[in-house]
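A short write-up of the structure that comes next.
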Amino acid sequence: MNSLTNVRVRFAPSPTGFVHIGGLRTALYNYLYARKHGGTFILRIEDTDRERFVEGATENLISVLEWAGLVPDEGPRQGGNYGPYFQSQRTEIYQKYARELLDKGFAYYAFDTPEEIEAARQRARQSGNQFMKYNFTIRHEMSNSLNMTPQALRAALDAGKPYVIRLLVPEGRQFEVDDEIRGRVVFDSREIDDQVLLKSDGFPTYHLANVVDDHLMEISHVIRGEEWLSSVPKHLLLYECFGWTPPHMAHLPLIFNPDGSKMSKRDIQSLDELPSGKVDPDVASYIRKGYEKAAIINYIALLGWNPGEGDDRQVFDLPELVQEFSLQRVNKSAAIFDLKKLQWLNKEHIMRRDVASLMEELKPALRKAGYTDVADDYLARAVGLMRERLYFTEDFVKLAGYFFNDPTSYDEQAAQKRWQEDTPELLRQFAEAIRKLDTFTAGAIEETLRQVAEAHNSSGGKLIHPLRLAVTGVSVGPGLFELLEVLGKETVLRRIDRGMEIIPKLIS
RNA sequence: GUCCCCAUCGUCUAGGGGUUAGGACUCGGGAUUUUCGAUCCCGCAGCAGGGGUUCGAAUCCCCUUGGGGACACCA
């Protein structure tokens, strides 16, 4: 089982300012794989694009990962023997390796200005080629060291002419990956271009930095989104040029909007009003909306993975996912993000939480709603009754106010339907009967109620519905007898009186 | 456009030659002689199309179609 020695995996996001749902799933699968195989989970920040630098993005990213419980073993915050873990702090390393490629003849200097590149692109377009490739087809007409004498190159370098370093991609080579998820995939080298490895500002591009770091950090498995699959041949070529063994690769299926489009931050104008068919890709939005972290983790785990034949479980916590996870059971096809199922899982996870932790979480919201001075044991009983009916923890505040305050209004529709001619008399009798009760427990209350109803040749429902209305003001809630027990005799009697006074006026 | 990936209910998926094609979400219905977005039952709904291979194909192969990704001095 643990025959894989030294599993080292990494989550390598670029700090764009928010954490994408798909990114979180990539992080999760990496984390699960590491834990499953006793390996190391590494966080590496790919911040080589200084034009897209976003203030605070890295801090945000780390805090979301920690919130989700996906704490790296090595990374910016915890350090490690393979640092630094910011690519922006590793530029000399990449420059050194770029020079090595230059020396070996696997890369070359290119001095083309952006204007010259654009002009070449124009020429290609005019001859019907939408996407120009800077490769064997045109590199001999461009301004690069392949077309210069050593003296001219020296002169250009000495003159400080801006340059990039490009990978010299051979013609007519085949590159094969045996992807852990997709199986064998073959690429022809004529399809890739002479990728820029080092930009004119001295920073590496993704491809160089990624390959160098994965090697230096001894990454055993590269687990990332499918959008990287077509970059694999470039990476394989680089490994080959350096003489390194490439890591195992696993390209995960993508996650889409309900309408099949790519989940994009651009779709999001406001948090609640999404264009139809779109869904918010920002993990922070879900946190803010009050989703359980366990539900989010559970849901995205299931988006592209399942525990396998004969295992119908849908609800998993993180340790269970670690136990069950395997790359072999990751799907090939893209998945659509379904809010409804996430919400259902949210409810399932709330239901499984212990009352004490729910209570603690609810306290600030309760205080804010004006329910102060609530005794812990009372709150615990209320939460216990409501726990399995909540889609969000905050629903408790909206749905269960009657545990703390007498109702100030009554559901008129319910009143119309349930408040009948004999209701006042029944309630009066019931109130009398429970007044005499020594033990105000659900069992005793139910017995009493049934007796009163029977004495009137009436059904329990005749009393139960108006009673609930009088006591809570609404028509839905937990089982009535347990509810009354928690509220306590005095409160119940007081509310019956009040209800009998006010409700009849509503329906006249 | 070129290359690459993908294709089972509306959605997430099981199923990898012989199954009444299974589960989950959603939706609909019923039960709970106490409500409900709770719970429990029941139901609706699917192998994209066409060719092969085979006694037999959702399953293997090919084509078509559809969806997606990549094609930057962004990752």
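A note on names: the letters A, B, ... follow the listed sequences, proteins ahead of strands, and every chain is numbered from 1. Hydrogens, waters and symmetry mates are skipped; everything else that's a heavy atom, side chains included, is used.
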Identify which nucleotide among [options] has an atom closest to any side-chain atom of [X], counting heavy atoms from C-beta outward.
| X | options | value |
| --- | --- | --- |
| A/R121 | B/G37, B/U35, B/A72 | B/A72 |
| A/W344 | B/U13, B/C73, B/U26 | B/U26 |
| A/K340 | B/C25, B/A75, B/U34 | B/C25 |
| A/D338 | B/U35, B/C73, B/U11 | B/U11 |
| A/K133 | B/A14, B/A75, B/C71 | B/C71 |
| A/H465 | B/U34, B/C74, B/A24 | B/U34 |
| A/S333 | B/G37, B/U34, B/C6 | B/C6 |
| A/R329 | B/C74, B/A14, B/A70 | B/A14 |
| A/P114 | B/A75, B/G37, B/C73 | B/C73 |
| A/E191 | B/C12, B/G68, B/C3 | B/C3 |

Phosphate-side-chain proximity, [X] and [N], N/O vs OP1/OP2 below 4.0 Å:
| X | N | value |
| --- | --- | --- |
| A/N135 | B/C71 | no |
| A/K199 | B/A75 | yes |
| A/K234 | B/A75 | no |
| A/R418 | B/U34 | no |

[atom1] atom, [N] versus [M]: distance in rounded Å?
| N | M | atom1 | result |
| --- | --- | --- | --- |
| B/A7 | B/G15 | P | 13 Å |
| B/A58 | B/G22 | C1' | 13 Å |
| B/G52 | B/G68 | P | 31 Å |
| B/C61 | B/U53 | P | 15 Å |
| B/C60 | B/G43 | C1' | 35 Å |
| B/A45 | B/U11 | P | 16 Å |
| B/C40 | B/U34 | C1' | 16 Å |
| B/C12 | B/U26 | P | 15 Å |

Hey, which of these two, A/L342 or A/E46, hits RNA chain B nearer its 5' end, going by closest nucleotide?
-> A/L342
For RNA chain B, whose closest nucleotide is more 5', that of A/S459 or that of A/V196?
->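 In this pair, the answer is A/S459.
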According to the Watson-Crick and G-U wobble definitions, with both distances under 3.5 Å, which nucleotide is paired to [N]?
| N | value |
| --- | --- |
| B/U34 | none |
| B/A24 | B/U11 |
| B/C3 | B/G69 |
| B/A48 | B/U64 |
| B/U53 | none |

Sugar-phosphate, base or nothing in reach of [X], heavy atoms under 4.0 Å:
| X | value |
| --- | --- |
| A/E388 | sugar-phosphate |
| A/V186 | sugar-phosphate |
| A/G304 | sugar-phosphate |
| A/R182 | sugar-phosphate |
| A/P13 | nothing |
| A/V164 | base |
| A/R450 | base |
| A/D112 | base |
| A/L303 | sugar-phosphate |
| A/D311 | nothing |
| A/G477 | base |
| A/T48 | sugar-phosphate |
| A/P204 | sugar-phosphate |

With centres under 5.5 Å and planes under 30° as the test, does A/F131 stack with B/G1?
->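 Aromatic stack with B/G1 present for A/F131.
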Take the angle between the ring planes of A/Y206 and A/H235 and call it parallel below 30°, perpendicular above 60°, tilted in between.
-> tilted
Does [X] make a cation-pi contact with [Y], if we ask for NZ or CZ under 6.0 Å from the ring centre and within 45° of the axis?
| X | Y | result |
| --- | --- | --- |
| A/R139 | A/F136 | no |
| A/K289 | A/Y286 | yes |
| A/R166 | A/Y134 | yes |

Mind calculating the distance between [atom1] ([X]) and [atom2] ([N]) to the nearest angstrom?
| X | N | atom1 | atom2 | result |
| --- | --- | --- | --- | --- |
| A/F203 | B/C74 | CZ | C1' | 14 Å |
| A/Q328 | B/U13 | CD | P | 17 Å |
| A/L339 | B/C12 | CG | P | 14 Å |
| A/L345 | B/G37 | CG | P | 20 Å |
| A/L254 | B/A70 | CG | C1' | 11 Å |
| A/R313 | B/C25 | CZ | P | 16 Å |
| A/N144 | B/C73 | CG | C1' | 15 Å |
| A/F256 | B/U11 | CZ | P | 14 Å |

Just how far is it from atom CD of A/E226 to atom OG1 of A/T26, taken to the nearest 0.5 Å?
-> 11.5 Å
For B/G52, does the O4'-C1'-N9-C4 (purine) or O4'-C1'-N1-C2 (pyrimidine) torsion place it in syn, i.e. within 90° of 0, or in anti?
->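 Glycosidic conformation of B/G52: anti.
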Note: A/K340-A/D338 ion pair, threshold 4.0 Å (strictly below) | no
Go through the side-chain N and O atoms of [X] and [Y] and say whether any donor and acceptor fall under 3.5 Å apart.
| X | Y | result |
| --- | --- | --- |
| A/Y299 | A/N346 | no |
| A/R190 | A/N135 | no |
| A/T423 | A/K462 | no |

Minimum-distance pair of heavy atoms, taken over all atoms of A/L483 and A/P478 = CD1-CG, 4.4 Å
Does a distance-only test, which skips hydrogens and angles, find a donor-acceptor pair under 3.5 Å between the side chain of A/S230 and the base of B/C71?
->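 By the distance-only test, no, there is no pair.
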